[in-house]
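Reviewing the structure listed below.
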Amino acid sequence: MDTIIRLVLIAAIIAFQTFSGRIGNKYLGSILPIIFIGFIIYSFVLVQLSFSFKDLFMSFLGLTVLASMYAGGVEAKKKKLKKELDKMKAKDISAR
């Protein structure tokens with residue numbers, strides 16, 4: 001059961017970050033990275049994480065992945081908008 005909850009949580013994080021990028025709300029897209037940074041700092045303070053290369057690298061990697069998911073949502077929105085504009089242009093050309 002614990003594994004299912006983790007998978008659902010990961011899927012929700014991915015969906016939320018991508019959705020934030022699609023709607024283009026930077027404030028909404030910055031919520032999870034800020035929470036992630038807070039969690040990392042909290043873990044360093046409680047000495048659950050050390051200042052080893054692995055822990056620092058994984059922290060930066062997690063932050064990069066969250067930013068990439070947001071950027072992916074923005075790019076998906078741009079592609080969809082471009083496709084719609086191309087359809088509209090094609091209809092304008094064919095109507096003449």
Side-chain angles (χ1 to χ4, degrees):
M1 187 67 177
D2 189 40
T3 307
I4 294 172
I5 292 173
R6 286 183 186 189
L7 289 175
V8 169
L9 182 63
I10 290 170
I13 288 171
I14 292 170
F16 181 80
Q17 228 16 44
T18 305
F19 174 74
S20 298
R22 279 188 185 255
I23 63 172
N25 191 336
K26 293 179 183 178
Y27 297 115
L28 196 59
S30 66
I31 290 173
L32 287 179
I34 290 172
I35 290 172
F36 182 74
I37 290 170
F39 176 74
I40 295 299
I41 291 171
Y42 177 74
S43 296
F44 276 120
V45 169
L46 290 182
V47 193
Q48 292 177 348
L49 294 176
S50 62
F51 286 100
S52 67
F53 176 75
K54 180 188 88 166
D55 290 340
L56 291 174
F57 178 74
M58 293 305 286
S59 300
F60 286 119
L61 182 66
L63 194 57
T64 304
V65 167
L66 287 172
S68 298
M69 284 188 283
Y70 179 83
V74 170
E75 288 299 316
K77 181 181 178 182
K78 284 181 183 178
K79 285 181 184 178
K80 184 177 179 182
L81 182 61
K82 184 176 179 347
K83 187 177 178 182
E84 290 295 321
L85 288 174
D86 289 343
K87 282 183 186 178
M88 290 172 62
K89 286 179 185 178
K91 282 188 177 183
D92 281 346
I93 292 172
S94 65
R96 290 183 183 179

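Tracing side-chain contacts under 4.5 Å through hydrophobic residues (I, L, V, M, F, W, Y), one reaches F44 starting from F39; they form part of the same cluster. Both M88 and L81 are assigned to one and the same hydrophobic cluster, defined by single-linkage of ILVMFWY side chains at heavy-atom distances under 4.5 Å. Linking ILVMFWY residues whenever their side-chain heavy atoms come closer than 4.5 Å, directly or via other members, places I23 and F16 in the same cluster. Linking ILVMFWY side-chain heavy atoms closer than 4.5 Å, directly or via other members, places Y27 and F19 in two distinct hydrophobic clusters. Y42 and I34 end up in different hydrophobic clusters when Ile, Leu, Val, Met, Phe, Trp and Tyr side chains are linked at under 4.5 Å.
The heavy-atom pair separating F36 from L63 by the smallest distance is CE2-N, 3.6 Å. Closest non-hydrogen pair, L66 versus Q17, comes out as O-NE2, 3.3 Å.
Here the OG-CD distance, from S68 to E75, works out to 11.5 Å after rounding to the nearest 0.5 Å. Rounded to the nearest 0.5 angstrom, K79 NZ and E84 CD are separated by 15.0 Å. To the nearest 0.5 angstrom, I40 atom CD1 is 12.5 Å from I35 atom CD1.
Using a 4.5 Å heavy-atom cutoff, the side chains of K26 and S20 are not in contact. Using a 4.5 Å heavy-atom cutoff, the side chains of I14 and M69 are in contact. Residues L32 and Y70 have side chains not in contact (no heavy-atom distance under 4.5 Å, counting atoms from C-beta outward).
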